[in-house]
> 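What follows is a single structure, and I will ask about it in a moment.
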2 protein chains.
Amino acid sequence: MGVAFLLAQLGSHAAGLFAERVAALDLTPPQAGLLRMLKGSPGCSQRELADRLGMPPSRFVPFVDTMEERGLVERRRNPDDRRLHALYLTEAGESLLDELRPLAMAHEADLTSTLSPEEYRQLKGLLQRMAADKNLTPGVHPGFRSVRPR
Amino acid sequence: MGVAFLLAQLGSHAAGLFAERVAALDLTPPQAGLLRMLKGSPGCSQRELADRLGMPPSRFVPFVDTMEERGLVERRRNPDDRRLHALYLTEAGESLLDELRPLAMAHEADLTSTLSPEEYRQLKGLLQRMAADKNLTPGVHPGFRSVRPR
DNA sequence: TATTGTTATACTCTATAACTATA
DNA sequence: TATAGTTATAGAGTATAACAATA
């Protein structure tokens, strides 16, 4: 088995485990990704967020609806251009994001538990090089597209 | 970004590129996977293959149908237990598999082009260790489940 | 009665594209 | 006229479960 296959296999495995973990917070990976994106760049327009997530706007709307109904996210109209709906985290969204972080760290530790600290650094460095080489930007990756919202 | 996320991102990227490449042979990744599985263990029952692919039998049947219509695969009834339909590669299936191999090698070379030979060996070793640690068996990985047949 | 393979059905998910409002 | 957001709809893909043949 080559590196390409191992990456696809381990990546799929990692994504599956992550989905299981965030399900404990009643979240799907794309929902977790949206929370993180809003933390990093609050006030983004829906259009821009949908683009980043690789989601068509028609799917993004109900996706945000459920998050807003749960009080995690808030739509605010941009007064300068009233066509734009800027998205913000609510306090509940912030605190859920705080619960998310230790979960992600446990996920990381679990997945790499077989590696020594030195090996971990090696692996991380190599993967970062490859990701940069392929112009994969940090953020929510396209594989998350297919995970269904609840 | 941690290793888990990088794996998911790179794995998804690798799977996507592989899907594009095999599309040149009018194959999807699960179809390519079935060809490989039949090369390795010819005469498997449909049930066993469906299990390995993580596909429910109801989806596996039309999946095999299209492969059989294209003359790549052949159903033979097991005379000892006439419930079983054993699957075999046809000659056309074998020769398509021969076309598949160089394609997979090009995919591997492309994805890892930024690594030195020494780094490539390091990465491969670390990924193999992780895969073994997580009991990921060689073969077609579950992420292929979601790729649609044509 | 259990198992393999098959078929049918009902359901979910999705994209396309029409529509509204703002610009 | 163009763009952000929304809604409606039709189509594809899926799993569940009923079914037939064989054991």
Side-chain angles (χ1 to χ4, degrees), chain A residues 12 15-16 19 23 26-31 33-34 37-38 41-69 73-88 140 142-150, chain B residues 12 15-16 19 23 26-31 33-34 37-38 41-69 73-88 140 142-150:
Chain A
S12 164
D26 200 20
L27 286 175
T28 62
Q31 289 175 332
L34 180 62
M37 282 167 57
L38 290 182
S41 40
C44 262
S45 72
Q46 295 191 179
R47 160 64 74 133
E48 189 179 339
L49 292 164
D51 280 351
R52 276 205 244 167
L53 278 160
M55 243 186 224
S58 62
R59 204 164 21 124
F60 191 71
V61 169
F63 175 69
V64 172
D65 286 346
T66 67
M67 303 278 282
E68 196 173 30
E69 283 158 19
V73 148
E74 191 188 357
R75 282 178 169 105
R76 290 189 217 154
R77 213 122 198 182
N78 184 333
D80 294 337
D81 184 341
R82 290 177 47 75
R83 291 174 305 183
L84 274 63
H85 278 186
L87 283 192
Y88 295 89
V140 177
F144 282 174
R145 285 182 202 171
S146 56
V147 182
R148 303 138 183 150
R150 298 272 164 81
Chain B
S12 163
D26 200 20
L27 286 175
T28 62
Q31 289 175 331
L34 180 62
M37 283 165 56
L38 290 182
S41 41
C44 263
S45 73
Q46 295 192 177
R47 161 63 76 133
E48 189 178 339
L49 292 165
D51 280 351
R52 275 206 244 167
L53 277 161
M55 242 185 225
S58 61
R59 207 172 9 133
F60 191 71
V61 169
F63 175 70
V64 172
D65 285 346
T66 66
M67 303 278 282
E68 195 172 32
E69 283 158 19
V73 149
E74 191 187 358
R75 282 179 169 103
R76 292 189 214 153
R77 218 134 193 169
N78 183 333
D80 295 338
D81 185 341
R82 290 178 45 75
R83 292 175 303 182
L84 274 61
H85 277 186
L87 284 191
Y88 295 89
V140 177
F144 284 173
R145 286 180 201 172
S146 56
V147 182
R148 298 132 187 156
R150 299 272 164 83

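Residue numbers begin at 1 in each chain, while the letters A, B, ... track the order of the sequences.
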> Among residues at least two apart in sequence or on other chains, which ones pass salt bridge (charged side-chain N to carboxylate O under 4.0 Å, His left out) with Arg77(A)?
none

> Take atom CG of Leu84(A) and atom P of dT20(C), then tell me their distance rounded to the nearest Å.
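To the nearest whole Å, that distance equals 20 Å.
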
> Can you measure Gln46(A) atom CD to dT6(D) atom C1' for me and round it to whole angstrom units?
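Nearest whole value for this atom pair: 9 Å.
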
> Testing the basics here: between Gly43(B) and Ala86(B), what is the closest heavy-atom pair and its distance to 0.1 Å?
O-CB, 3.4 Å

> Which distance, rounded to the nearest 0.5 Å, do you find between the CD of Gln46(B) and the CZ of Phe63(B)?
11.0 Å

> So if I take every side-chain heavy atom of Arg59(A) and compare against dT6(D), dA15(C), dT6(C), which nucleotide ends up nearest?
dA15(C)

> What is the distance, rounded to the nearest whole Å, between atom CZ of Phe63(B) and atom C1' of dG13(D)?
14 Å

> Take the protein atom CE of Met55(B) and the nucleotide atom C1' of dG13(D), then report the distance between them rounded to whole Å.
12 Å

> Just how far, in rounded Å, is P of dT6(D) from CG of Asp65(A)?
7 Å

> In whole Å, I'd like the distance from the CD atom of Glu68(B) to the C1' atom of dG5(C).
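Spelled out: CD on Glu68(B) to C1' on dG5(C) is 13 Å.
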
> Taking the side chain as every heavy atom from C-beta outward, state whether Arg52(A) and Cys44(A) have any pair of such atoms under 4.5 Å apart.
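Touching, per the 4.5 Å side-chain cut-off.
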
> For Arg75(A) and dA4(D), what is the distance between atoms CZ and C1' respectively, to the nearest whole Å?
12 Å

> Between the protein and nucleotides 20-23 of chain D, list the N/O to N/O atom pairs that are separated by less than 3.5 angstrom.
from, atom 1, to, atom 2, distance (Å)
dT22(D), OP1, Arg82(B), NH2, 3.3
dA23(D), OP1, Arg82(B), N, 2.8

> Can you name the residues that form a salt bridge (charged side-chain N to carboxylate O under 4.0 Å, His left out) with Arg83(B), not counting sequence neighbours?
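Once residues adjacent in sequence are excluded, the partners of Arg83(B) under the salt bridge (charged side-chain N to carboxylate O under 4.0 Å, His left out) criterion are Asp81(B).
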
> Closest to the Pro56(A) side chain: dA15(C), dT6(D), dT6(C)?
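For the Pro56(A) side chain, the nearest candidate turns out to be dA15(C).
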
> Would you indicate whether the side-chain heavy atoms of Glu74(B) and Leu87(B) approach each other to under 4.5 Å?
no

> Taking all non-hydrogen atoms of both residues into account, name the closest pair between Asp26(B) and Gln31(B) and its distance.
O-OE1, 3.9 Å

> When the distance from NE2 of His85(A) to P of dT3(D) is rounded to whole Å, what number comes out?
18 Å

> Should the side chain of Ser58(A) and the base of dT6(D) be counted as holding a donor-acceptor pair, with the cut-off at 3.5 Å?
no

